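First up is the structure itself, then whatever we jot down about it.
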Amino acid sequence: MDTTPNVSFENTEVAFQYKSDAAMRKANFIFSLVNHPWISAFATGCVKLALKVKLPVEGLIKTTVFDHFCGGESIEKTEDVAKLLGRFGVKSILDYSVEGEKNEEGFDDAMDEIIRTIEKARTSVNIPFSVFKTTGLASTDLLEKVQAKLHLDSNEAHAFERVRQRVDQICRKAHECKIPVLIDAEESWIQDTIDGLAYEMMGKYNKERAIVFNTYQLYRTESLKNLRNAFHTATMHNYFLGAKIVRGAYMEKERDRAEELRYESPIYPDKESTDSAFNQALAFCIDNKQRISVMCGSHNEYSNYFLTVLMEKHSMKSEDARVWFAQLYGMSDNISFSLAKAGYNVAKYLPYGPVRSVMPYLLRRAEENTSVAGQSSRELTLIQREIQRRKNQNP
Ligand SMILES: Cc1cc2nc3c(=O)[nH]c(=O)nc-3n(C[C@H](O)[C@H](O)[C@H](O)COP(=O)(O)OP(=O)(O)OC[C@H]3O[C@@H](n4cnc5c(N)ncnc54)[C@H](O)[C@@H]3O)c2cc1C
């Protein structure tokens with residue numbers, strides 16, 4: 001696309017302006033560690049073992065990776081981070097990252113906690129969205145059974161009705177508080193069930209504006225079509241469509257299952273096809289901005305840049321409330337802070353929860369940031385460049 005760039009992601013002073021020198025050294029330590037595949041594997045293995053045999057490693061985790069990737073152990077404790085980011089125009093999305101008890105009580109507790117994040121958001125200028133994962137509110141087996149249209153016995157039918165009620169209570173609260181709620185996308189074998197719930201909620205709560213957002217994983221060959229269909233349904237029923245656009249987080253799992261059960265993989269065969277579909281989805285949302293509010297959930301610099309260009313082409317102001325950019329806390333600050341400085345709406349998923357309970361989330365971040373053959377990751381390069389810049393400035 002041939003327009004002049006209106007935002008650059010190269011300025012590390014902007015990217016890390018909220019981080020002290022000590023925080024930069026910590027970030028350097030963490031990303032240097034995870035950058036080496038074998039050190040990363042060894043360290044994560046040690047952590048898993050230490051937690052299993054109940055060694056007191058929580059303090060160490062808390063002051064290192066936890067502080068880097070999480071906002072705190074409770075909603076209240078995220079406040080300092082949310083305020084700090086907010087000073088630079090970067091908003092927060094409280095993400096209750098506890099993979100809790102998979103029983104009715106655990107699902108009710110998770111619902112209550114998500115409702116508390118909405119209540120918190122209502123009183124904070126720094127928290128414009130809320131978010132949840134349906135598997136925090138429902139058994140995966142049940143979601144899968146519903147999707148496969150298998151017969152539900154009366155216990156299961158009641159359990160699914162309770163899932164609908166939990167989702168409804170969250171979305172009703174979001175509507176009442178005018179805080180949009182993002183429904184994360186998950187594995188393809190439960191995603192139709194999640195989509196069904198999301199559209200039912202949009203029909204109820206998106207009449208005046210996009211309150212309920214569904215997520216589209218553009219690594220799936222069906223997602224562009226699903227997005228278009230969702231738009232047509234929204235138009236037909238006269239409600240707004242909230243669309244979070246992501247590439248998708250479960251590629252290996254999806255491919256493995258497809259191979260094992262011998263069905264065609266639902267994922268594009270290569271990264272280029274995913275990238276192209278992702279950018280087409282952004283373009284579709286902007287083309288239909290009268291009805292669609294969009295969040296681009298990505299650490300890909302080109303995709304974020306591409307969205308700014310689309311906005312410019314459509315003469316949209318950078319602060320247009322229908323467009324949001326989002327990254328995870330502790331990653332891609334060069335994208336978040338540069339966009340915010342240029343006036344765009346930016347938010348970070350800010351995970352929180354007790355250290356031990358958010359470990360699965362932290363281990364996934366470690367895996368994700370481990371590069372091939374020790375090659376320096378973009379993240380690490382930027383961190384080291386900023387440390388050097390600060391040294392040169394104050395030798
Ligand atoms: C704010 C936010 C919210 C998110 N919410 C969700 C969510 O609800 N559900 C969810 O599943 N994920 C979610 N993600 C994660 C997201 O789907 C990606 O896994 C992650 O962001 C990496 O993709 P990218 O666009 O940032 O960057 P990139 O590094 O450009 O892309 C990496 C991604 O490209 C795809 N890919 C890589 N190699 C191939 C290949 N060979 N063939 C096909 N595709 C390939 C995969 O999806 C991979 O994760 C979220 C991410 C963010 C930042």
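Residue numbers count from 1 along this sequence. These figures come from a predicted structure and were not determined experimentally. First listed ligand is number 1; within each ligand, the first listed atom is number 1.
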> Looking at CD1 of I211 and CG of L182, how far apart are the two atoms once the value is rounded to the nearest 0.5 Å?
Replying inline: 11.0 Å
Are there any N/O pairs under 3.5 Å between ligand 1 and the protein, and if so, what are their distances?
from: ligand 1; atom 1: 5 (N); to: K244; atom 2: NZ; distance (Å): 2.8
from: ligand 1; atom 1: 8 (O); to: D184; atom 2: OD1; distance (Å): 3.2
from: ligand 1; atom 1: 8 (O); to: A185; atom 2: N; distance (Å): 2.9
from: ligand 1; atom 1: 8 (O); to: K244; atom 2: NZ; distance (Å): 2.9
from: ligand 1; atom 1: 9 (N); to: A185; atom 2: O; distance (Å): 3.0
from: ligand 1; atom 1: 11 (O); to: Q217; atom 2: NE2; distance (Å): 3.0
from: ligand 1; atom 1: 11 (O); to: A249; atom 2: N; distance (Å): 3.0
from: ligand 1; atom 1: 17 (O); to: G248; atom 2: N; distance (Å): 2.6
from: ligand 1; atom 1: 19 (O); to: G248; atom 2: O; distance (Å): 3.0
from: ligand 1; atom 1: 25 (O); to: R247; atom 2: NH1; distance (Å): 2.7
from: ligand 1; atom 1: 25 (O); to: S298; atom 2: OG; distance (Å): 2.8
from: ligand 1; atom 1: 26 (O); to: H299; atom 2: N; distance (Å): 2.7
from: ligand 1; atom 1: 30 (O); to: K271; atom 2: NZ; distance (Å): 2.8
from: ligand 1; atom 1: 30 (O); to: N300; atom 2: ND2; distance (Å): 2.8
from: ligand 1; atom 1: 42 (N); to: R255; atom 2: NH2; distance (Å): 3.1
from: ligand 1; atom 1: 42 (N); to: D270; atom 2: O; distance (Å): 3.4
from: ligand 1; atom 1: 42 (N); to: K271; atom 2: N; distance (Å): 3.3
from: ligand 1; atom 1: 44 (N); to: T274; atom 2: OG1; distance (Å): 2.8
from: ligand 1; atom 1: 47 (O); to: G248; atom 2: O; distance (Å): 2.6
from: ligand 1; atom 1: 49 (O); to: G248; atom 2: O; distance (Å): 3.1

> Going by the ring pair (Phe, Tyr, Trp, His ring centres under 6.0 Å) test, which pairs reach into residues 229-269, not counting sequence neighbours?
Replying inline: F231-F284
> What are the two closest heavy atoms between D320 and N345, and how far apart are they?
Replying inline: O-ND2, 2.8 Å
> Excluding sequence neighbours, so at least two apart, what forms side-chain contact (heavy atoms from CB on, under 4.5 Å) with N304?
Replying inline: F9, C296, S298, F325, Q327, I335, L339
>> Under a 3.5 Å distance rule, please check whether S338 uses its side chain to pair with a backbone N or O of S8 as donor and acceptor.
In response: yes
Could you list the donor-acceptor pairs under 3.5 angstrom formed between side-chain atoms of residues 60-73 and any protein atom two or more places apart in sequence or on another chain?
from: K62; atom 1: NZ; to: D67; atom 2: OD1; distance (Å): 3.0
from: T63; atom 1: OG1; to: G59; atom 2: O; distance (Å): 3.2
from: T63; atom 1: OG1; to: L60; atom 2: O; distance (Å): 3.2
from: T64; atom 1: OG1; to: L60; atom 2: O; distance (Å): 2.7
from: T64; atom 1: OG1; to: I61; atom 2: O; distance (Å): 3.3
from: H68; atom 1: NE2; to: G330; atom 2: O; distance (Å): 2.9

